[in-house]
Asks: 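Structure provided below as structure tokens; questions to follow.
Atom set for the values below is all heavy atoms of this structure, side chains included, hydrogens, waters and symmetry mates excluded. Computed from a predicted structure; not experimentally measured.
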Amino acid sequence: MKYESIIKKINYWKSYDGTGDEYRKTHDLDCIQTKGNLAADTIFSLWLPLRYTLNYFEHSKWTKWKENECNCNGLKNCNAFLDDLIENIEEYLPEHMLTKQLAELFRIGQTEANTMILPYRKWNTVRGGKPYWDYLPHFLYDLLDTENKDFLNAVQKWIKSERLVLFFKDGIIDKDHVKELAGTGNVCSHFPRNLDVLLLIRNYTEILHERARIMRVDIK
């Protein structure tokens, strides 16, 4: 089992310790890939698929870390946990089809195929919080759920320009054709306990592979 892509991202999280726009321009992967564009954002968060996978295997060490998560600013920002995860990654993420799929998502998820440009920087914060939690289908659904034709046209134009049409069935950009990627049957329902983790990660990976092909991104 190859863990290189996962460990690479974990080390990136560990190393990111600055604040402010100038630091972000030169250290945030999305910005680096877009020549310092502060409106750049990750399409699929890699932290959440990792967390869902850790929940799936539920190693005793992971359970203990979660119980003490309130003592740190989130486990993604806890270097002690991240170090432990790297050191014991085969225990946390054992040999399994899900682990292999996660590693592939992490590999392609650190390329330009997983980066988009938002029309408004504030969308970065909005889509990362309640009720979306970085699940893009739900966010796209709500953007398109409007009777404002000018706004709707603007959103559709942005979706096309950022090669996000892949999120829509039959390439039809409206709220009723947003693809449901989590196996819940509803694009607005993606509570962690209800989603199909393997299906979710497979869908994420397939979209990024196709987006890389369209954008001619080298993912080898």
Side-chain angles (χ1 to χ4, degrees), residues 1-16 29-30 42-70 72 74-115 128 132-138 166-167 178-213 217-220:
M1 179 68 220
K2 296 181 179 180
Y3 297 95
E4 289 89 345
S5 61
I6 300 173
I7 292 173
K8 178 182 177 182
K9 189 63 176 180
I10 294 172
N11 281 322
Y12 166 79
W13 287 328
K14 286 178 57 185
S15 68
Y16 196 94
L29 184 59
D30 298 332
T42 302
I43 294 174
F44 296 126
S45 159
L46 296 182
W47 166 249
L48 290 177
L50 172 60
R51 185 167 185 126
Y52 299 154
T53 304
L54 290 168
N55 283 340
Y56 179 89
F57 294 116
E58 199 62 50
H59 190 276
S60 58
K61 290 184 178 181
W62 171 238
T63 303
K64 289 181 180 179
W65 278 111
K66 286 192 295 182
E67 290 173 351
N68 293 286
E69 187 168 11
C70 61
C72 59
L75 291 176
K76 181 183 175 182
N77 303 306
C78 177
N79 283 353
F81 162 67
L82 297 177
D83 286 336
D84 188 47
L85 177 56
I86 291 174
E87 184 176 349
N88 301 286
I89 196 164
E90 293 183 6
E91 296 180 40
Y92 283 99
L93 301 170
E95 179 80 25
H96 190 279
M97 178 58 69
L98 177 56
T99 305
K100 292 181 180 178
Q101 193 69 56
L102 181 72
E104 175 60 13
L105 175 62
F106 267 65
R107 188 184 71 82
I108 192 172
Q110 294 177 75
T111 70
E112 294 174 38
N114 196 26
T115 300
Y132 308 113
W133 308 119
D134 281 323
Y135 185 62
L136 192 58
H138 188 176
L166 297 167
F167 283 86
V178 178
K179 291 180 180 177
E180 191 279 294
L181 306 177
T184 65
N186 186 332
V187 296
C188 299
S189 175
H190 42 95
F191 189 71
R193 291 181 181 176
N194 298 332
L195 55 80
D196 183 329
V197 181
L198 180 57
L199 177 65
L200 177 79
I201 294 176
R202 278 178 173 166
N203 284 332
Y204 280 10
T205 306
E206 288 176 5
I207 285 177
L208 292 184
H209 271 283
E210 182 62 16
R211 194 166 184 268
R213 186 190 66 79
V217 174
D218 184 4
I219 58 173
K220 294 182 180 179

Asks: Any side-chain to backbone donor/acceptor pair from E180 onto G183? Under 3.5 Å, distance only.
Replies: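 Yes, the answer is positive, given that a donor and an acceptor are paired below the 3.5 Å cut-off.
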Asks: Heavy-atom count check: over 12 atoms from other residues, nucleotides or ligands less than 6.0 Å from Y16 OH?
Replies: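 Yes.
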Asks: Please report the shortest heavy-atom distance between L85 and L54, naming the atom on each side.
Replies: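 Nearest heavy atoms, L85 then L54: CD1-CD2, 4.2 Å.
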Asks: Does the distance from a Lys or Arg side-chain N to an Asp or Glu carboxylate O, for E210 and K179, drop under 4.0 Å?
Replies: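 Salt bridge flag = no for K179 with E210.
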Asks: Is a side-chain donor or acceptor of N203 paired with a backbone partner of L199 at a separation under 3.5 angstrom?
Replies: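 A pair under 3.5 Å: yes.
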Asks: Determine, stepwise, if the pair V197 / N55 fulfils side chain to side chain contact (heavy atoms under 4.5 Å, CB included).
Replies: CA-CA 10 Å; V197 181; N55 283 340; over 6 Å; no
Asks: Looking at residues at least two apart in the chain, or sitting in another chain, which of them share a side-chain contact (heavy atoms from CB on, under 4.5 Å) with R202?
Replies: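 Here the qualifying residues are M97, Q101, L198.
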Asks: How far apart are the closest heavy atoms of D84 and N88, and which atoms are they?
Replies: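 Closest heavy-atom pair between D84 and N88: OD1-ND2, 2.7 Å.
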Asks: Looking only at heavy atoms, what is the nearest atom pair of I6 and F106, with distance?
Replies: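 In this case the closest contact between I6 and F106 is CA-CD2, 3.6 Å.
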Asks: To the nearest 0.5 Å, what is the distance between CD on E87 and CD1 on I7?
Replies: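 Spacing of CD (E87) from CD1 (I7) equals 11.0 Å.
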Asks: Please round to the nearest 0.5 Å and tell me the distance separating atom OH of Y135 and atom CZ of F191.
Replies: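 Atom-to-atom, Y135:OH and F191:CZ are 15.0 Å apart.
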Asks: How far apart are the C-alpha atoms of F81 and C72, what are their side-chain angles, what is the distance that settles it, and do they pass the side chain to side chain contact (heavy atoms under 4.5 Å, CB included) test?
Replies: CA-CA 10 Å; F81 162 67; C72 59; over 6 Å; no
Asks: Output yes when a side-chain donor or acceptor of S5 lies under 3.5 Å from a complementary backbone atom of A103, and no otherwise.
Replies: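 It does hold such a pair.
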Asks: Under the 3.5 angstrom rule, does the side chain of Y12 hit a backbone N or O of L29 as a donor-acceptor pair?
Replies: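 Such a contact is found between Y12 side chain and L29 backbone.
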Asks: Give, for atom CD of Q110 and atom NZ of K8, the distance between the pair rounded to the nearest 0.5 Å.
Replies: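 Between Q110 CD and K8 NZ, I get 5.0 Å after rounding to 0.5 Å.
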Asks: Do you know the tightest heavy-atom contact between K14 and L82?
Replies: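 For K14 versus L82, the nearest heavy atoms are CG-CD1, 3.5 Å.
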Asks: Mind checking the CH2-CD spacing from W62 to E58? Nearest 0.5 Å is all I need.
Replies: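 W62 CH2 to E58 CD: 8.0 Å, rounded to 0.5 Å.
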Asks: Using only heavy-atom distances, determine whether the side chains of D134 and W47 contain a donor-acceptor pair under 3.5 Å.
Replies: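 W47 and D134 do not have a side-chain donor-acceptor pair below 3.5 Å.
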Asks: Do P49 and L102 have side chains that get closer than 4.5 Å, going by heavy atoms?
Replies: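 Side chain of P49 against side chain of L102, heavy atoms only: contact under 4.5 Å found.
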Asks: Against E69, only a single residue in R51, K76, K64 fulfils salt bridge (Lys or Arg N to Asp or Glu O under 4.0 Å); can you say which?
Replies: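 Result: among R51, K76, K64, R51 is the only option passing the salt bridge (Lys or Arg N to Asp or Glu O under 4.0 Å) with E69.
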Asks: Please name all residues satisfying ring-ring contact (aromatic ring centres under 6.0 Å, His included) with F167, sequence neighbours left out, ordered by chain then number.
Replies: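 In terms of ring-ring contact (aromatic ring centres under 6.0 Å, His included), with neighbours along the sequence ignored, F167 is linked to F44.
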Asks: In Å, rounded to the nearest 0.5 Å, how long is the span from CG of L50 to CG of L46?
Replies: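 These two atoms lie 8.5 Å from each other.
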Asks: Has the side chain of Y3 got a donor or acceptor atom that lies under 3.5 Å from a matching backbone atom of L93?
Replies: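 Pair found, side chain donor or acceptor close to backbone of L93.
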Asks: By salt bridge (Lys or Arg N to Asp or Glu O under 4.0 Å), which residues pair with E104, not counting sequence neighbours?
Replies: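 Once residues adjacent in sequence are excluded, the partners of E104 under the salt bridge (Lys or Arg N to Asp or Glu O under 4.0 Å) criterion are R107.
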Asks: Just checking, is any N or O donor in the side chain of N114 or T42 under 3.5 Å from an acceptor N or O on the other one?
Replies: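 Distance-only check fails for N114 and T42.
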Asks: Mind checking whether H59 and Y92 have parallel, tilted or perpendicular rings, split at 30° and 60°?
Replies: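 Ring orientation, 0 to 90° scale: tilted.
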Asks: Look only at the side chain of T99 and the backbone of E95, and say whether a donor-acceptor pair between them is shorter than 3.5 Å.
Replies: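 Flag not set: sc T99 to bb E95 has no pair under 3.5 Å.
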Asks: Drop me the distance from H138's NE2 to L181's CG, to the nearest 0.5 angstrom.
Replies: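 It is 13.0 Å, given to the nearest 0.5 Å.
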Asks: Do C78 and W65 make a side-chain contact, defined as non-hydrogen atoms from C-beta onward lying under 4.5 Å apart?
Replies: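 Yes, side chains in contact.
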Asks: Any side-chain to backbone donor/acceptor pair from S189 onto T184? Under 3.5 Å, distance only.
Replies: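 Not confirmed, S189 side chain does not pair with T184 backbone.
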Asks: Considering non-hydrogen atoms only, spot the tightest contact between A212 and I108 and give its length.
Replies: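 It is CB-CD1, 4.5 Å.
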